[in-house]
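Quick caveat, the model's predicted, so the values are computed rather than measured.
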Amino acid sequence: MAPLSMNRTGTPKKGKQEVGPNREEHLIPVPTHITVTDSTLIPQKGEEGVLSAWNISFFGALVVLAGLVILFPDPYRQILAFVPDGLAVTFGVTVAAISFALVIGLLAGLGRISHNVVINRIATVYVEIIRGIPLLVQLFYIYYALGNWIKLSGPAAAILAMSICYGAYMAEIFRAGIQSIPKGQMEAALALGMSRGLAMRKVILPQTIKVILPPIGNEFIALLKDSSLVSILAVADLLRRGREFASTSFRYFESYTVVALIYLVMTLFFSRLVAIMEERLRNRGTLH
Amino acid sequence: MEPFISIRGARKHYGKVEALRGVDLEVSKGEVVLIIGPSGSGKSTLLRSINRLERLDSGTIFIDGDCVTDEKADIRKIREEVGMVFQSFNLFPHLSVIENITLAPITVKKIDPLEAEETALRLLKKVGLSDKARAYPDQLSGGQQQRVAIARALAMNPKVMLFDEPTSALDPEMIKEVLDVMTNLAREGMTMLVVSHEMGFARAAANRVIFMDQGQIIETAPPEEFFTNPKEERTKRFLEHIL
């Protein structure tokens, strides 16, 4: 099985699919993992350069943040006391959006591989349209443009827009993950009299989860960063709180430095978690 | 006697390649048929069209009176009665051996889990793997995996078993353990279609050997006669290659 990698344009690079019964298949189906390339650099064992770069960035950011608060309590301590409200909103919006995006992504991903032409076309058009429009434009569209007919609160519009947007990327992850499972698995299940749906639930998806967990972790990190866009919809997230502090105190440099450092610490922390998870999944080989 | 499996005028092509060019075949109940032929001769395609893993372009296939090739046929019901064993085993790697065997009986046939487990343990004993019930596929050798795959197919209590090159992916020392299981199965009266080049198995268990080439059946004969005294020129040439 060719290792499967995927970039954010979503085109899976995979060996050509042969038709007919003489496909080459590996004897023990071990799904490869999918890597999504344009998010935070995921440190991996053996990549010392990346590891130390991670150390420098992560601990460097922590030290700078602590140093600023200790050495210059005014205004850094005030800023640090002011922004955490926004942190909760940032996390709330991110977790809500990623949850809905997972549901949308699973449905659309199944649609993308459906043999039903109508369902397949609907899912594919959804993915194509959404991935072709910038998230910021989608946010404006749902909040302001559709606001003419449907009045949504800022957070609701933000979560809706980000769910729909990330659902399209999740769909590609689910699709690539499902397609990375050797064809013989579905055939064996069908030969036992299982329906496609039952085989998907009991045989294919349980194996897919292991393959798609790391890329989903990456999407979570990307979404955490992209959630800063919602500050434009009057959602009081981390960036918005920083901006509010800056505009009342005129401490622009200081405010945005703290905001940037907090984002950096968070994304580096989560990218490390994803790396550890990926490592464990790979070492265990199977999910039992 | 009414044939148990009846294939008429089976045709199938992939792009420009004609995999099956009008195949007729009848198999009676309890018969063991070995299909041999060079790669690309259509033997796997023929086998896989019997439980509709491949759809024929034209032709009909009946199993025990049920029409497999009818689009309206309840193919799931038919597949329950047709066990299949693959070259690459295709065990479910996330499930233990016993879960592999009981999954379909429990979810498809709605058999009580305890009863399904009892059946599974009996089948594991039959294929000589009683001690591996809780193991996972990646902890087993190829020969053991294939024997679990046979037990998994048998757990659905099929009326016919299809074997698609069951020993081609195995190291020589593991081939025998799988063939022994298959030979026992044949002796118990299971109807079997086997795509394989294992002549030892053919002599020990097969009633008939079929030689396929370029999507057609070239020759059919009892094993002894087939291997010692083939009639067709193409069969002779092929046997020279594999003997």
Side-chain angles (χ1 to χ4, degrees), chain A residues 1-2 15-33 115-117 177-213 280-288, chain B residues 12-15 17 19 39-40 42-49 51-54 75-96 99-100 103-109 136-140 142 145-146 149 152-153 155-156 158 162 164 169-170 195:
Chain A
M1 189 175 17
K16 83 177 163 78
Q17 292 250 330
E18 290 176 59
V19 283
N22 295 320
R23 281 169 302 273
E24 262 183 56
E25 266 169 18
H26 269 240
L27 303 184
I28 304 169
V30 180
T32 42
H33 54 282
H115 292 188
N116 181 320
V117 183
I178 290 167
Q179 288 180 339
S180 76
I181 307 299
K183 227 179 165 160
Q185 292 287 306
M186 177 56 92
E187 285 185 345
L190 292 179
L192 285 166
M194 296 170 82
S195 66
R196 291 191 75 85
L198 184 63
M200 195 54 89
R201 281 206 314 281
K202 296 284 184 183
V203 176
I204 306 298
L205 286 177
Q207 297 182 58
T208 306
I209 288 170
K210 176 192 153 198
V211 190
I212 64 176
L213 264 180
R280 287 208 178 151
L281 285 171
R282 194 175 324 158
N283 285 348
R284 263 196 301 181
T286 41
L287 262 186
H288 39 84
Chain B
K12 171 82 184 176
H13 70 92
Y14 304 107
V17 184
S39 69
K43 51 196 195 308
S44 281
T45 305
L46 180 67
L47 198 71
R48 289 160 55 88
S49 55
N51 64 353
R52 215 163 87 185
L53 286 181
E54 303 288 341
I75 190 66
R76 267 198 275 162
K77 263 270 158 324
I78 296 172
R79 280 173 178 158
E80 282 181 38
E81 311 199 317
V82 181
M84 185 154 198
V85 173
F86 300 85
Q87 179 180 353
S88 49
F89 327 139
N90 296 344
L91 291 182
F92 307 134
H94 60 301
L95 300 178
S96 67
E99 289 166 339
N100 261 278
L103 177 65
I106 292 171
T107 58
V108 177
K109 281 196 159 174
Y136 281 84
D138 60 1
Q139 297 164 330
L140 303 179
Q145 288 194 52
Q146 194 61 300
R152 179 175 70 176
M156 293 299 281
L162 310 175
D164 191 1
L170 296 176
V195 169

Are the side chain of B/Asn90 and the backbone of A/Gly184 linked by a donor-acceptor contact shorter than 3.5 Å? yes
Chain B contact via A/Ala189 - which portion, at a heavy-atom distance below 4.5 Å: both
Main chain of A/Leu205, side chain of B/His94: is a donor-acceptor contact present, judged purely on distance under 3.5 Å? no
Give me the atom names and distance for the closest heavy-atom approach of A/Ala188 to B/Phe86. CA-CE1, 3.6 Å
Region of B/Arg152 in contact with chain A, defined by heavy-atom distances below 4.5 Å: both
Judged by atom type as modelled, is there a donor-acceptor pair below 3.5 Å linking the side chain of A/Gln185 to the main-chain atoms of B/Leu91? yes
Under 4.5 Å heavy-atom distance to chain A, tell me which part of B/Ala153 shows up: side chain, backbone, both or neither. backbone
State whether the number of non-hydrogen atoms from other residues, nucleotides or ligands found under 6.0 Å of B/Lys77 atom NZ is greater than 12. no
Turns out that what part of B/Phe92 lies under 4.5 Å from chain A's heavy atoms comes down to both
Check B/Pro93 against A/Gln207 and note the closest heavy-atom contact, atom names and distance. CG-OE1, 3.2 Å
Between B/Arg79 and A/Leu190, which heavy-atom pair has the shortest distance, and what is it? CD-O, 3.1 Å
Measure distances from A/Leu192 to the heavy atoms of chain B and classify the residue's part below 4.5 Å as side chain, backbone, both or neither. both
